[in-house]
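Worth knowing before you read on, the calculation uses all heavy atoms, side chains too, and leaves out hydrogens, waters and symmetry mates.
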Amino acid sequence: MSFKITRRTALLGAASTLAMPAILRNAYAMDAVKVAGVHNSPVENAWNSRIHLALQQAAEAGKITYEFSEAVAATDYPRAMREYAESGVQLIWGESYAVENEAREVAADYPDVAFLMGSSGGPEGDNFGVFGTRNHEAAYLAGMLAGKMSETNTFGSVGGFPIPEVNLLINAFRAGVSEVNADATFLNGFIGAWFDPARAKEAALAQIDAGADILFGERIGTADAAQERGIKAIGSLIDYTPRYPETVFANAIWNYGPTIDAIVADVIAGNPVGKDYTEFSFMKHGGNELIFVEDMVPTDAIPAMEAKRAMIEAGDFDVPIDNEEPA
């Protein structure tokens, strides 16, 4: 199996650079960090799409060059990492959740290559950095809006796997709901997959049948069930409202650009990257944000949410991080 990029992919990162005068192109080429992405899921998957977009934007700005492989199975993942490391890239981005030990072994074999991996573990050595997904602050704020909107006081959520990054997101949503609705009850389901919209829809439909009238969609497919049954939903990571304009009233957006900027700066400076870059996903760094449709939300729900948002951005309130599996 080959993990080399297609010509179409290569041109995505180079288009804006090629439009520059030659002298500027040469300057960018000297400074741009060579990055390779190894995506376990298709880049259309919500989580991967946010990272893929941030890497493309960094390439278009001339900060990096970017090549990638997608839908790489766990059995092939270490080999893909090694091929990129051998090809001369300076930074390999990846997701080590299913191949934690193997990914760390690869990094140890290539100490001169920087690795940035989505991981439930900590950094290792000088070259294995990690990050976690942290749009939990926006999920909390979305929960504050949702808490005022339910007629049944039953709130559902659909997640992929009960790993800490998913658990804390759903728990943050629940905490936001509970802040404004003391009578709230919760349902949750994990589908055992990162990308299976049909299974997510099925799990969401079961929660609706059990009384949920607002759903938090950690996985793609949740909003399909909400749309079919005429209830409201919240999107996670990306903006789902254009796809479901009458259904998705709020989205807990994840912005990965600050994380890319941080590790690229370290690579350029020659700093060790064996550290945790999760902090750059926090709201104070611009790493996550809440967007919502104002006319779909009760007017009296907005002031308290906006006040809490201002506190989070100012560092005056920390959204609780609860990694325990939600029931």
Side-chain angles (χ1 to χ4, degrees), residues 1 3 5 9 35-56 58 64 66-85 89-110 113-125 127-136 159-169 190-196 200 218-220 236-238 254-260 262-264 273-281 287-288 323:
M1 179 178 179
F3 298 96
I5 59 170
T9 303
V35 180
V38 188
H39 296 265
N40 177 246
S41 298
V43 293
E44 290 81 10
N45 182 38
W47 186 83
N48 297 82
S49 75
R50 298 304 293 168
I51 295 157
H52 185 59
L53 175 62
L55 288 165
Q56 285 181 310
I64 67 172
Y66 172 50
E67 51 186 309
F68 70 96
S69 300
E70 61 182 321
V72 179
T75 51
D76 288 319
Y77 207 93
R79 182 156 63 94
M81 293 174 65
R82 289 185 186 277
E83 286 193 13
Y84 279 129
V89 301
Q90 297 164 272
L91 170 63
I92 294 176
W93 176 92
E95 44 189 302
S96 63
Y97 300 109
V99 290
E100 197 72 54
N101 292 333
E102 296 92 334
R104 292 170 187 269
E105 290 172 0
V106 173
D109 289 341
Y110 296 93
V113 179
F115 292 80
L116 178 60
M117 309 295 289
S119 172
S120 295
E124 189 167 338
N127 71 324
F128 190 91
V130 298
F131 70 91
T133 310
R134 293 291 187 274
N135 58 325
H136 66 298
F161 293 92
I163 65 171
E165 287 79 5
V166 175
N167 296 343
L168 70 87
L169 186 62
F190 290 106
I191 63 173
W194 291 126
F195 189 72
D196 193 334
E218 196 273 327
R219 289 294 101 192
I220 291 176
S236 179
L237 301 175
I238 65 175
W254 184 36
N255 297 320
Y256 198 65
T259 303
I260 295 297
I263 193 167
V264 166
V273 302
K275 58 186 182 182
D276 191 340
Y277 287 85
T278 300
E279 67 172 294
F280 295 100
S281 286
N288 75 98
N323 293 327

- prompt: For Trp93 and Tyr256, does a side-chain donor sit closer than 3.5 Å to a side-chain acceptor?
  reply: yes

query: Does Glu67 reach the main-chain N or O of Val35 with its side chain, forming a donor-acceptor pair under 3.5 Å?
result: no

field: Partners meeting ring-ring contact (aromatic ring centres under 6.0 Å, His included) with Phe280 (sequence neighbours left out)
entry: His285

message: Checking the side chain of Ser96 only, and the main-chain atoms of Gly118 only, is there a donor and an acceptor separated by less than 3.5 Å?
response: yes

query: Side-chain donor-acceptor pair under 3.5 Å between Asn48 and Glu95, yes or no?
result: yes

message: Less than 4.5 Å apart, side chain to side chain, heavy atoms only: is that true for Ile51 and Phe131?
response: yes

Contacts of type side chain to side chain donor-acceptor pair (under 3.5 Å), residue Thr75, not counting sequence neighbours: none

task: Mind checking side-chain contact (heavy atoms from CB on, under 4.5 Å) for Asn167 and listing every partner two or more places apart, or none if nothing turns up?
output: Pro162, Asn171, Phe190, Glu325, Pro326

message: Looking at every heavy atom in both Asn323 and Pro164, which two are closest together, and how far apart are they?
response: OD1-O, 3.6 Å

message: For a quick test of reading the model, state the closest non-hydrogen atom pair linking Ala54 to Ile260 and the distance between them.
response: CB-CG1, 4.3 Å

- line: Ala85 meets the side-chain contact (heavy atoms from CB on, under 4.5 Å) criterion, sequence neighbours left out, with Ile92, Tyr110, Val113

- request: List in chain and number order the residues that pass side chain to side chain donor-acceptor pair (under 3.5 Å) with Ser41, two or more places apart in sequence or in another chain; answer none if no residue qualifies.
  value: none

query: Glu218 and Gly160: which non-hydrogen atoms are nearest, and at how many Å?
result: OE1-N, 2.9 Å

query: Cut-off 3.5 Å, side chains only: do Tyr84 and Ser69 have a donor facing an acceptor?
result: yes

message: Looking at Asn40 and Val72, would you say the former's side chain and the latter's main chain have a donor-acceptor pair under 3.5 Å?
response: yes

Worked verdict on Val130 versus Thr278 for side-chain contact (heavy atoms from CB on, under 4.5 Å): CA-CA 7 Å; Val130 298; Thr278 300; 5.5 Å; no

task: Step by step, work out the side-chain contact (heavy atoms from CB on, under 4.5 Å) result for Val273 and Leu116.
output: CA-CA 8 Å; Val273 302; Leu116 178 60; over 6 Å; no

message: So does Arg134 get a backbone contact from the side chain of Asn288, meaning a donor-acceptor N/O pair under 3.5 Å?
response: yes

task: Would you list the pairs meeting salt bridge (charged side-chain N to carboxylate O under 4.0 Å, His left out) in which at least one residue belongs to residues 98-109, sequence neighbours left out?
output: Arg82-Asp109, Glu100-Arg104, Arg104-Glu124

task: Considering non-hydrogen atoms only, spot the tightest contact between Gly121 and Ser119 and give its length.
output: N-OG, 2.9 Å

- line: Taking every heavy atom of Ala80 against every heavy atom of Val38, the minimum-distance pair comes out as CB-CG1, 4.0 Å

Between Thr133 and Trp254, a side-chain donor and acceptor under 3.5 Å: no

message: Could you work out, with side-chain contact (heavy atoms from CB on, under 4.5 Å) as the rule, every residue matching Gln90, not counting sequence neighbours?
response: Val33, Lys34, Val267

- prompt: What residues form a side-chain contact (heavy atoms from CB on, under 4.5 Å) with Asp196, not counting sequence neighbours?
  reply: Ile191, Ala193, Ala198, Arg199

- request: Not counting sequence neighbours, which residues clear side chain to side chain donor-acceptor pair (under 3.5 Å) with Asn135? List them please.
  value: Ser236

- request: Could you verify whether a donor N or O on one side chain and an acceptor N or O on the other, from Arg50 and Asn255, lie under 3.5 Å apart?
  value: yes

